Amino acid sequence: MIWARYAIVFLCVAIGVAQLVLWLNATQDMALGSAAQLMVPAMIAALVEGQQEARTRKTHPGGKAAWRFAFVATGVAVVMNIGLAFAGPDVAPEFAKLSIAPVQSQQFWMLLGLYALGYVLCNRFFYTLGISNKLTLMRGRDEAE
């Protein structure tokens, strides 16, 4: 896995979705925004990494490798989450909700722990989903030829 690619995809999706929601809220008189915005970047980044893994290795990794990916990617996602939290509500409002709690408070660590648990589950599921989908697509192309 290329951690930089995961981090870039995560960051681009997080900021892109946040800016889209801000724009829709301002121009369309909507009230969008939810905690789902926190998980979508991890889902998409893990899916992209899974597809890249399938292209590179052309085989499904074992469960141990997938869990290792999930935990390391979660570390990257948590670091990105903290960075986005302190970037401010103009950049990523849903992430900024974490910065409302003081860093040394129990609330901050509980929220971060809940996010981390969600990231582990999303990364594990979407990584293997990306691999499976790409391998199926590659097999279909081989059979068609």
Side-chain angles (χ1 to χ4, degrees), residues 1-140:
M1 171 184 165
I2 298 175
W3 309 111
R5 181 176 46 228
Y6 179 90
I8 290 168
V9 170
F10 184 96
L11 190 61
C12 288
V13 171
I15 292 174
V17 169
Q19 294 302 309
L20 178 64
V21 167
L22 285 173
W23 177 77
L24 286 172
N25 287 344
T27 61
Q28 304 298 318
D29 195 31
M30 296 179 165
L32 298 175
S34 71
Q37 285 178 262
L38 299 169
M39 293 300 139
V40 170
M43 292 174 184
I44 293 173
L47 195 63
V48 167
E49 284 303 318
Q51 292 172 346
Q52 291 297 325
E53 181 74 16
R55 279 189 199 117
T56 304
R57 300 196 192 272
K58 297 181 180 27
T59 185
H60 209 292
K64 191 174 183 178
W67 280 111
R68 185 174 48 246
F69 165 83
F71 286 112
V72 174
T74 295
V76 172
V78 166
V79 168
M80 300 300 287
N81 192 326
I82 292 170
L84 287 169
F86 292 103
D90 293 335
V91 176
E94 289 301 319
F95 287 90
K97 290 178 182 176
L98 180 63
S99 68
I100 293 170
V103 176
Q104 298 300 324
S105 72
Q106 184 179 2
Q107 179 186 10
F108 179 88
W109 294 108
M110 289 296 293
L111 283 172
L112 196 58
L114 288 173
Y115 296 159
L117 177 63
Y119 289 144
V120 167
L121 298 175
C122 286
N123 284 325
R124 174 65 166 90
F125 177 75
F126 283 93
Y127 178 68
T128 55
L129 181 66
I131 291 171
S132 297
N133 287 345
K134 189 63 177 178
L135 289 175
T136 301
L137 181 64
M138 289 166 51
R139 273 190 231 112

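The shown structure was predicted, so the numbers you read here are calculated from the model rather than taken from an experiment. Every heavy atom of this structure was used, including side-chain atoms; hydrogens, water molecules and symmetry mates were not.
By the neighbour-count criterion of 12 heavy atoms within 6.0 Å, atom CE of Met110 is sparsely surrounded, having that number or fewer from other residues, nucleotides or ligands. The neighbour count for Gln106 CD, taken as heavy atoms of other residues, nucleotides or ligands under 6.0 Å away, does not exceed 12.
Considering OG1 of Thr74 and OH of Tyr6, their distance stands at 6.0 Å, rounded to 0.5 Å. Of the inter-residue distances, the one linking Leu117 atom CG with Leu112 atom CG reads 11.5 Å to the nearest 0.5 angstrom. The CH2 atom of Trp23 lies 5.5 Å from the CD atom of Gln28; values are rounded to the nearest 0.5 Å. To the nearest 0.5 angstrom, Lys134 atom NZ is 14.5 Å from His60 atom NE2.
The shortest non-hydrogen separation linking Ala42 to Tyr119 is CB-CD2, 3.5 Å. Nearest heavy-atom pair, Val120 versus Ala70, reported as atom, atom and distance to 0.1 Å: O-CB, 3.8 Å.
The closest side-chain heavy-atom distance from Val72 to Asn123 is not below 4.5 Å.
Using cut-offs of 30° and 60° for the angle between ring planes, the Phe69 and Trp3 rings count as parallel.
The side chain to side chain contact (heavy atoms under 4.5 Å, CB included) test with Leu47 singles out one residue from Leu129, Thr128, Ile131, and that residue is Leu129.
At distances below 3.5 Å, not a single donor-acceptor pair connects side-chain atoms of Tyr127 with backbone N or O atoms of Trp67.
Partners of Ser105 by side-chain hydrogen bond (donor to acceptor under 3.5 Å, both in side chains), not counting sequence neighbours: none found.
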